[in-house]
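The structure under discussion appears below in the form of structure tokens.
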Amino acid sequence: MMSSTEELLKRLGVSIDAGTLRLALTHRSYAYENGGIPTNERLEFLGDSILGFSVTDALYRDNPDLPEGDLAKRRSAVVSTRALAGIGRSLGIGEYIYLGQGEKLTQGKNKASILADTMEALIGATYVSNDIETARQLVMRLIGPLLKDAAALGAGTDWKTSIQELAASRQLGTIHYAVDGAGPDHARTFTAVLHVGGTAYGKGSGHSKKEAEQEAAADAWRVLSGAGNPPGAAASAGSVPAT
């Protein structure tokens with residue numbers, strides 16, 4: 001790996017025994033290329049449950065007046081693949097993951113799904129090496145900042161559906177994504193601009209068209225919903241200009 005695991009543990013703020021940590025960082029592509037050794041999927045399963053409970057508990061306690069539906073939307077937003085991948089990127093997790101050659105060639109260390117799954121596995125590993133409270137504290141350190149912005153994330157994880165519903169409710173016109181790709185096939189980056197009724201409201205990027213479109217939809221949703229801008233006011237809200 002490119003960096004020492006001691007640095008990774010320092011970033012996480014926890015102690016995990018060496019064997020469990022290596023397991024948490026072992027993607028199935030690496031395992032298959034090395035004789036079918038154990039993967040991080042069991043730890044991912046465990047960490048997903050701890051993550052879900054910890055976030056649910058915090059939302060329930062901190063928002064006594066919110067109905068179940070709103071609590072569920074906020075939880076979905078902060079435990080989504082997109083949110084977890086963002087945390088993973090901020091911590092530089094990708095540099096530590098054991099990947100097979102195929103995933104290395106296709107920039108697997110930057111893929112949202114791999115980063116999110118590894119984050120869940122690290123949460124699971126923290127529990128196995130310590131206890132539930134240590135794992136819960138890790139979750140809150142990582143997710144806490146997102147929970148403070150949960151209202152803005154309230155549309156949930158499917159931003160494309162959310163922006164379609166919002167555009168339809170306001171009769172803003174048809175939605176169109178303009179997507180461009182750049183770079184070699186094994187490390188291609190996509191950029192998407194979301195137009196609603198001919199006006200550009202959001203921009204996003206990612207390692208797949210789907211990821212770029214979701215980012216653009218999230219950006220547009222925040223402009224149209226969070227700022228409450230009327231149609232045509234996107235430019236004044238700091239979004240991409242109309243084309």
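You'll find the side chain of Leu147 reaches within 4.5 Å of the side chain of Leu59, heavy atoms only. Under the 4.5 Å side-chain criterion, counting only non-hydrogen atoms from C-beta, Leu122 is in contact with Leu25. Ile93 has its side chain out of reach of Arg11: every pair of non-hydrogen atoms, C-beta onward, lies at least 4.5 Å apart. Side-chain atoms of Leu84 and Asp117, non-hydrogen and from C-beta on, never get closer than 4.5 Å to each other. Counting only heavy atoms from C-beta outward, the side chains of Phe45 and Glu120 never approach each other to under 4.5 Å. Inter-residue side-chain proximity for Tyr127 and Leu46 is flagged as met; some heavy-atom pair is nearer than 4.5 Å. Counting heavy atoms from C-beta outward, Asn130 and Ser15 have side chains that approach closer than 4.5 Å.
For Asp57, the side-chain hydrogen bond (donor to acceptor under 3.5 Å, both in side chains) partners at least two apart in sequence or on another chain are Arg61. In terms of the side-chain hydrogen bond (donor to acceptor under 3.5 Å, both in side chains) criterion, residue partners of Glu133 (sequence neighbours excluded) are, by chain and number, Arg136, Gln137. With sequence neighbours left out, the side-chain hydrogen bond (donor to acceptor under 3.5 Å, both in side chains) criterion links Ser205 to no other residue. Evaluation of the side-chain hydrogen bond (donor to acceptor under 3.5 Å, both in side chains) rule for Asp180 yields no partner, not counting sequence neighbours. In this view, Tyr30 and Tyr98 satisfy the ring pair (Phe, Tyr, Trp, His ring centres under 6.0 Å) rule, not counting sequence neighbours.
Considering all non-hydrogen atoms of both residues, Ala212 and Gly206 come closest at CB-N, 3.9 Å. When all heavy atoms of Ser90 and Ile87 are compared, the pair lying nearest together is OG-O, 2.6 Å. Nearest heavy atom pair, residue Ala31 against residue Pro38, reads CB-O, 4.2 Å. Nearest heavy-atom pair across Met140 and Ala58 is CE-CB, 3.6 Å. Taking every heavy atom of both residues into account, Ala83 and Leu146 meet most closely at CB-CD1, 3.9 Å. The shortest heavy-atom contact between Gly173 and Ala167 is O-CB, 4.4 Å.
With hydrogens and angles disregarded, no donor-acceptor distance shorter than 3.5 Å links the side chain of Arg74 to the backbone of Thr56. Not a single donor-acceptor pair under 3.5 Å links the side chain of Thr174 to the backbone N or O of Gly197. For Thr199 (side chain) and His195 (main-chain N/O), no donor-acceptor pair under 3.5 Å exists by modelled atom type. Put simply, the side chain of Asp17 gets close to the backbone of Thr20: a donor and an acceptor are under 3.5 Å apart. In terms of modelled atom types and a separation under 3.5 Å, the side chain of Ser54 and the main chain of Leu51 share no donor-acceptor contact. Without hydrogens or angle criteria, Arg82 side chain to Glu211 main chain gives no donor-acceptor distance under 3.5 Å. A donor-acceptor contact shorter than 3.5 Å links the side chain of Ser169 to the backbone of Leu166. In this structure a side-chain-to-backbone donor-acceptor pair under 3.5 Å is present from Arg89 to Asn110.
One hydrophobic cluster holds both Ile132 and Ile16 under the rule that ILVMFWY side chains link at heavy-atom gaps under 4.5 Å.
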Check the pair Thr106 / Lys111 against side chain to side chain donor-acceptor pair (under 3.5 Å), numbers first and verdict last.
-> CA-CA 9 Å; Thr106 57; Lys111 289 182 180 178; 3.3 Å; yes
Just do the side chain to side chain contact (heavy atoms under 4.5 Å, CB included) check on Leu71 and Asn63 with the steps written out, would you?
-> CA-CA 8 Å; Leu71 291 172; Asn63 302 276; 4.1 Å; yes
Please lay out, stage by stage, how Leu194 and Glu213 fare under the test side chain to side chain contact (heavy atoms under 4.5 Å, CB included).
-> CA-CA 8 Å; Leu194 170 59; Glu213 289 176 351; over 6 Å; no
Start with the C-alpha distance between Tyr96 and Glu7, add both sets of side-chain angles, then the distance that settles side chain to side chain contact (heavy atoms under 4.5 Å, CB included), and finish with yes or no.
-> CA-CA 10 Å; Tyr96 299 90; Glu7 174 62 25; 3.4 Å; yes
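Note that NZ of Lys109 and CG of Leu115 are 10.5 Å apart. Values are rounded to the nearest 0.5 Å. Annotation: the span from Ile37 atom CD1 to Arg22 atom CZ amounts to 6.5 Å, rounded to 0.5 Å. The NZ atom of Lys10 sits 12.5 Å away from atom CG of Leu8, with the distance rounded to the nearest 0.5 Å. Atoms CG and OH, from Leu224 and Tyr201 in turn, are 5.5 Å apart once rounded to the nearest 0.5 Å. Leu43 CG to Leu23 CG: the interatomic distance, rounded to the nearest 0.5 Å, is 4.5 Å. Ser29 OG to His27 NE2: the interatomic distance, rounded to the nearest 0.5 Å, is 5.0 Å.
Each salt bridge (Lys or Arg N to Asp or Glu O under 4.0 Å) pair with one or both residues in residues 29-45, not counting sequence neighbours, appears once here: Arg28-Glu41.
Cation-pi contact between Lys209 and Tyr177: absent, since separation from the ring centre below 6.0 Å together with deviation from the ring axis within 45° is not met.
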